Amino acid sequence: MKSMALRQHLITIIIDSGVYEPPSSDDQQAFINDELDIELERLDIDSLASMEICIGIELEMGVSIVPTQLSQLRTLKGLEQEIIGYKS
Amino acid sequence: MIERYNSLFGNCKTINQVHQLHITQENRLTPLELYDLYESIKKEQSSLLFRLKMLFVNNQSKQIKQAGIVAMKKTFSLAEKSAKAKPEPFIRHHIHKNIQMYSSGTSPQQKTLVIAFAGKAMRLMMPIPCFLQHLSADKFDVLLFSDPNKHGFTRGIPGIANNIENLIEKTSHLFNRTSYKSVVSYGTSGGGLPAILAAVQLQLDKGISIGGNGPSSPKWKALETFNPDKNLTTNDNTTPNLLCVYGANAEKDKLNTHDLEYYIPIKALSIHSTNGQKVRHNPLKTILTQSKLSSFLHIALDPTITGYNHEKEAIEHSELWV
């Protein structure tokens with residue numbers, strides 16, 4: 001999966017997970033274009049959303065990241081790197 | 001049900017699949033089913049055969065089994081906060097894929113029907129059996145709507161209605177109003193504003209929104225058919241009994257509440273934590289953690305109470321410290 005497509009997928013998963021503070025449309029696009037990183041704390045991810053994100057990543061990308069691993073990551077870019085690491 | 005769970009669990013190959021199974025179960029089980037399932041898992045876990053099996057399975061299988069036990073314990077512990085000796089005897093009646101009726105089956109004459117609109121997570125800010133366990137099955141029936149579009153019911157429910165107005169209109173055909181003592185609507189998060197709209201349009205006895213959207217939020221503003229001036233006005237210009245609850249530290253929800261009261265009179269209630277913790281989008285979590293959910297729900301859903309606090313009816317905005 002190309003990096004841009006992966007970031008697009010990640011944004012969709014984050015939005016669908018029901019986080020309380022999803023990134024704005026501008027920030028979503030900037031992240032997809034690799035012009036901006038997004039702090040995960042800013043998204044206000046609760047335990048259910050955290051599970052939904054991990055389920056989404058597994059279903060969409062075939063990568064098994066669990067909520068405890070997600071909670072140790074600081075940014076969305078970090079999550080992208082984690083996924084790339086699993087795939088390579 | 002236990003066999004079905006065990007069969008589905010047996011198909012789980014990863015921890016995320018276990019979580020997905022549990023989320024699905026938590027969105028539909030009754031308290032009776034949850035308690036049965038928990039007992040069966042507890043019994044299995046303490047059996048000699050289980051402990052022997054665990055000696056011979058690989059680490060991944062152990063982790064998967066453990067994830068199931070942890071998830072079930074967590075849900076059960078939330079339901080147990082009700083401090084009731086027995087599970088509430090709600091029985092689930094399937095009406096539609098996204099509409100379930102939970103009722104003990106006893107006469108509705110002395111009951112309140114709660115028309116509940118779930119949020120984006122397809123639940124009422126907590127697992128459904130936890131919500132039901134904190135109600136009395138003798139006093140309440142619950143008609144639960146969930147939105148598979150995850151769009152705050154703005155597109156209705158597939159197969160039932162394609163917009164919120166039609167959904168609310170169809171809702172009125174799903175129950176016999178005169179057979180109940182009272183009928184109220186209740187919605188959390190994305191289901192909050194639909195609950196308010198249902199209370200206004202069907203002239204229900206009360207409408208309660210927990211952390212709901214405001215009518216000016218982009219999702220609602222974008223709807224061609226939605227006109228808050230019209231949709232938030234009762235046919236006979238009466239003032240409905242509406243309660244909006246939000247977490248004291250959820251700035252967006254506070255703004256949404258102010259937005260709503262621009263269109264219609266409401267009573268607002270902000271939830272604060274006495275131990276200094278922030279109360280954000282899910283104020284019910286704070287109330288539940290403090291084991292005060294049963295009393296909160298029985299007051300909030302009582303149509304004879306305007307807003308939340310009897311003694312402070314004149315106060316438009318009140319605070320609840322838990």
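Side chains included, hydrogens not; waters and symmetry mates left out as well; all remaining heavy atoms used. We name chains A, B, ... by the order of the sequence lines, and we start the count at 1 in each one. Keep in mind that what you see is a predicted model, and the values were worked out from it rather than measured.
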Can you find a pair of side-chain heavy atoms, one from [X] and one from [Y], that are under 4.5 Å apart?
X       : Y      : value
K120(B) : V19(A) : no
K150(B) : D16(A) : no
V66(A)  : Q63(B) : no

Non-hydrogen atoms of chain A under 4.5 Å away: do they reach the side chain of [X], the backbone, both or neither?
X       : value
K74(B)  : side chain
Q17(B)  : both
K285(B) : neither
A250(B) : both
N282(B) : neither

Residue [X] versus chain B: region with a heavy atom under 4.5 Å:
X      : answer
I65(A) : backbone
I15(A) : both
T68(A) : neither

Quick check: are there more than 12 heavy atoms from other residues, nucleotides or ligands sitting under 6.0 Å from [atom1] of [X]?
X       : atom1 : answer
K62(B)  : NZ    : yes
E41(A)  : CD    : no
K219(B) : NZ    : yes
K254(B) : NZ    : no

Measure the spacing between [atom1] of [X] and [atom2] of [Y] and express it to the nearest 0.5 Å.
X      : Y       : atom1 : atom2 : result
H19(B) : L48(A)  : NE2   : CG    : 11.0 Å
I23(B) : M51(A)  : CD1   : CE    : 5.5 Å
K13(B) : S64(A)  : NZ    : OG    : 13.0 Å
E21(A) : H281(B) : CD    : NE2   : 9.5 Å

Query raised in the report: Which residue out of S17(A), A49(A), G18(A) racks up the most heavy-atom pairs below 4.5 Å with chain B?
Result: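 Greatest number of close heavy-atom pairs with chain B: G18(A).
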